[in-house]
Amino acid sequence: MADPRHFLDLDRLETPVLRGILTSAAGFKRANAAGERLQPLKGKMLAMIFERPSTRTRVSFEVGMRQLGGEVIVLESHGTQLGRGETIGDTARVLSRYVDAIMLRTSDHEKLTELASHATVPVINGLTSRSHPCQLMADILTYEERRGPITGKSVAWAGDVNNMTYTWIQAAARFGFDLKVACPNPLEPPKPLLDWARKNGGKVEVLHELDAAVRGADCVVTDTWVSMGQTPDAHRLKKFQPFRVDARAMALAKPDAVFMHCLPAHRDDEVTGDVLDGPQSVVWDEAENRLHAQKGILDWCLQ
Ligand code: CP
Ligand code: NVA
């Protein structure tokens, strides 16, 4: 039997596969807008395991799966034997006998890879503390709808170094854009990740200053300063203040630059309300595109 098509991380999938998924996502979006009911996943069942909260991921996967003709089962880990200590490997073996694909949101990236190594059906990363590839697929779809190919463009990341930063770094290599990461000293993305991205053609620079990163950028991205599972720490938060994306920072970017955020946002922490709600913000399209991008992912996984 062929290995299942897991969607775990952008660095595990080659650019043509990711591009194919995006093309298919755009097709699903067009079909939806035209009122066509494409149902390639009729009779398929997706299990979603949530060990962390979610609004967008949960709703967009459920709606997407149903629109494509499939069904979903949502498992909150505290309500399953997983929450009582049944191993992830045993859970993977059992769920693989019932469902056609499994999506996991967890803080522990190793749980995801462990699940995938024991599952005989595709496993999808619905966010770990290390990456959020479904979000990045929606983000690339959004950028390209608005501004055309992202290849060769310049993206500025501002703020924390977290799962979204790591995934943008992987995306820089896979989609061929320049990425400037602006974060407080002494934060740094992990060296192996930077080495991998650079070896694979990603032009990634790390700066400890916001202005130099956003100057001339085609796209400015940020995310919360306190990710799920972290405890807010006043001393740490103070260091992020100079990295807030405000109108002044956006004015340094190209006049047609877009502002992106995976959401949920903390208004007036990492981004001011006027930028989030302003004309350059594409955050609601990003949220919508989770639905379309994940249809592309589900269809690829279940083909
Ligand atoms: N962006 C994102 O993954 O949102 P949720 O946490 O609401 O799923
Ligand atoms: N970095 C954020 C992303 C939320 C979608 C977190 O992990 O909480």
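Residue numbers count from 1 along this sequence. We count ligands from 1, going down the list as the structure has it; atoms in each ligand are counted the same way.
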*If you count the atoms of ligand 1 from 1 in the order shown, which ones are under 4.0 Å from a heavy atom of T55?*
5 (P), 7 (O), 8 (O)
*From the candidates T55, T57, L127, V226, the one that places a heavy atom nearest atom 4 (C) of ligand 2*: L127
*asked:* Does any N or O of ligand 1 fall below 3.5 Å from an N or O anywhere on R58, backbone included?
replied: no
_The test is ring pair (Phe, Tyr, Trp, His ring centres under 6.0 Å); show your working for Y166 and W157 and say whether it passes._
CA-CA 11 Å; Y166 301 157; W157 170 272; 9.5 Å; no
*Among all protein non-hydrogen atoms, which one is nearest to atom 3 (O) of ligand 1, and what is the separation to 0.1 Å?*
H132 NE2, 2.8 Å
*Atoms of ligand 1 less than 4.0 Å from Q135 heavy atoms?*
1 (N), 2 (C)
*asked:* Give the atom numbers and elements of ligand 2 that come within less than 4.0 Å of a heavy atom of N162.
replied: 1 (N)
_Any nitrogen or oxygen of P264 lying under 3.5 Å from a nitrogen or oxygen in ligand 2? Just yes or no._
no
*Cluster check I169, W196: I/L/V/M/F/W/Y, side chain < 4.5 angstrom*: no
*asked:* For the 3.5 Å polar cut-off, considering only N or O atoms, please tell me whether L263 and ligand 1 meet it.
replied: yes
*Short list, please: which atoms of ligand 2 are under 4.0 Å from a heavy atom of S227?*
1 (N), 2 (C), 6 (C), 7 (O), 8 (O)
*Could you check whether the rings of W300 and F7 sit parallel, tilted or perpendicular, using 30° and 60° as the cut-offs?*
perpendicular
*Is there a nitrogen or oxygen of D223 sitting under 3.5 Å from a nitrogen or oxygen of ligand 2?*
yes
*Mark up the atoms of ligand 2 that fall under 4.0 Å of a heavy atom belonging to L263, in ascending order.*
5 (C)
_What protein heavy atom lies closest to atom 2 (C) of ligand 1? Include the residue and the distance to one decimal._
R290 NH1, 3.4 Å
*Between N163 and ligand 2, which residue portion shows a heavy-atom distance shorter than 4.0 Å: side chain, backbone, both, or neither?*
side chain
_Considering non-hydrogen atoms of the protein only, which is the closest contact for atom 4 (O) of ligand 1, and what is the distance?_
R56 NE, 2.8 Å
*Ignoring angles and geometry beyond distance, decide whether C262 reaches within less than 3.5 Å of ligand 1 through its nitrogen or oxygen atoms.*
yes
_Counting non-hydrogen protein atoms only, what is the nearest one to atom 6 (O) of ligand 1? Give residue, atom name and distance._
R105 NH1, 2.8 Å
